[in-house]
2 protein chains.
Amino acid sequence: MAPRKLKTVEPTQTSARRQHKADAKAAAAAPAKPRPLTRIQREKQDIILEAALEVFSAHGFRGSTIDQIAEVAGMSKPNLLYYFPKKEEIHRRLMSELLVTWLAPLEEMRADGDPFVEIRSYIRRKLEMARDFPRQSRLFANEMLRGAPHIIDMIEVDLKALVDEKAQVLLTWMDEGKIARTDPYHLIFSIWATTQHYADFDVQVRAVLGKARGGEGRFEDAARYLEQLFLHGLTPRPRA
Amino acid sequence: MAPRKLKTVEPTQTSARRQHKADAKAAAAAPAKPRPLTRIQREKQDIILEAALEVFSAHGFRGSTIDQIAEVAGMSKPNLLYYFPKKEEIHRRLMSELLVTWLAPLEEMRADGDPFVEIRSYIRRKLEMARDFPRQSRLFANEMLRGAPHIIDMIEVDLKALVDEKAQVLLTWMDEGKIARTDPYHLIFSIWATTQHYADFDVQVRAVLGKARGGEGRFEDAARYLEQLFLHGLTPRPRA
DNA sequence: AAGATTTTTGACCAGTTGGAAAAATGTTAG
DNA sequence: CTAACATTTTTCCAACTGGTCAAAAATCTT
């Protein structure tokens, strides 16, 4: 139930603990031995990123203030700025971690597996992510709504490449008659849409399901439903 | 192609042209004959709402400034504030119009129609809305991501009631063996998710499809795909 | 323990933003 | 034409926000 903490991405050396007072020329000339991060630095950065995820995912980038993040992180604003000199820097770090996490499930879809098993597993994994990492999902959705200004490059290059590859896999399965012939790209879109919906539109889902069915069980119901949808659609089954 | 303008909702009397200087007691005592809006007032309000939709849907509520909206509306900030004394008021109006527009397509799903035709039409209508009113869709998504603070009541009451009703219709169709037995609520969720995805995640869709397929035709492709998905899922067809 | 380094804090600042006040300019009914 | 009212513009401001800075406190090194 408790979302595991995401592994932290390699820190971009542009952040934290800048050379105090180091004048530009000197800094540029000497590579300045980027001393490795101390224990405290790594810990504090993690705390800040966790707090920022909480705040950014709830209010968006512009809707969040450094003060808010600092408070959630349990430190003062100047102290936070000591680790991340720019608000944008925090967001950038969060986004780059996010992208990696986000691509992972699709990467796991193996061409040499059984098509239905692979697709079912993929849906499961995405749904589990919506359940266990809703804040990441919302952060991502937020970025998309805004036109993905910070990650458009990665979307156009890395994500596109990955989807192209997997679309090819799906096409092969179709050619072999193992799954119905349909548009592989839109198939992937629909898996994204249906699963992330349970994180991004959580309020609506809960409100509509009501107290009775809006509890924890809703993800199990969703999993069952989506399986049925992607396997058979709405065609009545006992008519064969 | 050009999105028709949405009909304006009855103006909440809390907005625009407030009683200048009317002291609280007097205003409360005498209903103060809320003189009907002039032509100019209605026009300007519409212009402002249109501009606000543009700005809010792109940057979110907190990410948008009155100045931005005023500029898009082609007027000065104080002038805009003359018509909508509060930034929140503009947003409120937008949201209440939105809700009505948003419920409409589902309302049109008739219990006495042919199940497949009705569901297919519903999907079509929702997809057309994603295509023709992407800004509204994003505004809605934004509100949802934030936990729907402004419309949670309507979601819990009106929307829930409507979905309950239509879920009942779907259940009836299932009982009659006309469509496969599955969870009607999640069915509706999946239609929402898959269709709105094309508005809310438009950047991603375009980027992944690439220049070749990311053009206008993508909505036609989506329509074809979704039809197949909801009718048959991924089960190979020519195996009957 | 002394010195060097890192971390934390409090005071402060400049730019932005939502909004108020009031003066100035239309507009319209009598 | 003019008084009453509607609209627009100009000027201003207080709160908030991202960010700076120097000094204090804590930690690490030798």
Side-chain angles (χ1 to χ4, degrees), chain A residues 11 13-24 32-48 51-52 55-56 59-94, chain B residues 11 13-24 32-48 51-52 55-56 59-94:
Chain A
Q13 64 246 59
T14 62
S15 71
R17 195 186 33 101
R18 70 207 133 152
Q19 256 66 25
H20 286 272
K21 295 294 184 48
D23 79 282
K33 198 203 291 188
R35 209 165 300 168
L37 297 186
T38 71
R39 173 185 51 86
I40 286 188
Q41 281 165 351
R42 246 169 304 134
E43 286 178 3
K44 290 290 168 82
Q45 289 194 359
D46 279 358
I47 291 176
I48 291 171
V55 177
F56 281 149
H59 308 290
F61 181 77
R62 291 225 30 199
S64 307
T65 72
I66 301 187
D67 268 317
Q68 274 177 89
I69 300 174
E71 184 176 349
V72 174
M75 63 182 75
S76 67
K77 176 171 70 167
N79 196 184
L80 182 152
L81 284 167
Y82 169 73
Y83 292 102
F84 290 90
K86 298 268 176 198
K87 185 187 178 189
E88 271 196 356
E89 192 64 26
I90 312 177
H91 192 257
R92 203 190 322 281
R93 275 280 290 280
L94 240 25
Chain B
Q13 65 249 56
T14 63
S15 70
R17 194 186 34 99
R18 71 208 131 150
Q19 257 63 26
H20 285 274
K21 296 294 183 50
D23 79 281
K33 197 205 293 189
R35 207 166 298 170
L37 297 186
T38 72
R39 173 184 51 85
I40 287 189
Q41 282 164 349
R42 247 168 303 134
E43 287 177 3
K44 290 288 170 81
Q45 288 194 359
D46 280 358
I47 292 176
I48 292 171
V55 177
F56 280 148
H59 308 290
F61 181 77
R62 292 228 26 202
S64 307
T65 72
I66 301 186
D67 268 316
Q68 275 177 90
I69 301 174
E71 184 176 350
V72 173
M75 64 182 74
S76 68
K77 175 172 71 168
N79 196 184
L80 181 152
L81 283 167
Y82 169 73
Y83 292 102
F84 289 90
K86 298 268 177 195
K87 185 186 178 188
E88 270 195 356
E89 192 64 25
I90 312 178
H91 192 256
R92 202 190 323 279
R93 274 281 289 279
L94 239 25

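Chain A is the first sequence line, chain B the second, and so forth, proteins listed ahead of strands; every chain is numbered from 1.
- Atom CD1 of A/Ile66 is separated from atom P of C/dT16 by 16 Å (rounded to the nearest Å).
- One finds no side-chain N or O of A/Tyr83 lying less than 4.0 angstrom from the OP1 or OP2 phosphate oxygen of C/dT6.
- Atom pair A/Glu89:CD and D/dG18:P shows a separation of 15 Å (rounding to whole Å applied).
- The phosphate of D/dT8 has neither OP1 nor OP2 within less than 4.0 Å of any side-chain N or O from B/Ser76.
- Contact annotation for A/Lys44: backbone-only contact, meaning every heavy-atom pair under 4.0 Å involves sugar-phosphate atoms and none involves a base.
- Among the heavy atoms of the strands lying under 4.0 Å from A/Lys86 are primed sugar atoms or P, OP1, OP2 only; no base atom is included.
- Note: CZ (B/Phe84) to C1' (C/dG18) measures 16 Å, nearest angstrom.
- Straight-line distance from the CE atom of A/Met75 to the C1' atom of D/dA25: 16 Å, rounded to whole Å.
- Here the C1' atom of nucleotide C/dT16 and the CD atom of B/Glu71 are 15 Å apart, to the nearest Å.
- Between B/His59 atom NE2 and C/dG18 atom P the separation is 13 Å, expressed in whole Å.
- Among the atoms of the strands shown, only primed sugar atoms or phosphate atoms (P, OP1, OP2) are found under 4.0 Å from some heavy atom of B/Thr65.
- At a cut-off of 3.5 angstrom, counting only N and O atoms as typed in the model, there is no donor on one side facing an acceptor on the other between the side-chain of B/Lys87 and the base of C/dG19.
- The distance from atom CG of A/Leu81 to atom C1' of C/dT6 is 17 Å, rounded to the nearest whole Å.
- With DNA chain C read from its 5' end, the first of the two nearest nucleotides for A/Arg62 and A/Asn79 is the one closest to A/Asn79.
- Of the side-chain N and O atoms in B/Tyr82, none sit less than 4.0 angstrom from OP1 or OP2 of D/dT8.
- Looking at the side chain of A/Lys77, the nearest of the listed nucleotides C/dT6, C/dT9, D/dG18 is D/dG18.
- Between A/Gln41 and the phosphate of C/dT7, there is a side-chain N or O to OP1/OP2 separation shorter than 4.0 Å.
- Heavy-atom contacts from other residues, nucleotides or ligands closer than 6.0 Å to CD of B/Glu71 number 12 or fewer.
- What separates CD of B/Glu43 from P of C/dT27 is a distance of 13 Å, to the nearest Å.
- Judged by a 6.0 Å distance limit and a 45° cone about the ring axis, B/Lys44 is not positioned over the six-membered ring of B/Phe84.
- Distance CD1/B/Ile48 to CD1/B/Ile66: 10.5 Å, rounded to 0.5 Å.
- Counting all heavy atoms, side chain and backbone alike, B/Leu81 lies closest to B/Lys86 at CD2-N, 4.5 Å.
- Going from atom CD1 of A/Ile69 over to atom CD1 of A/Ile47 covers 14.0 Å, rounded to the nearest 0.5 Å.
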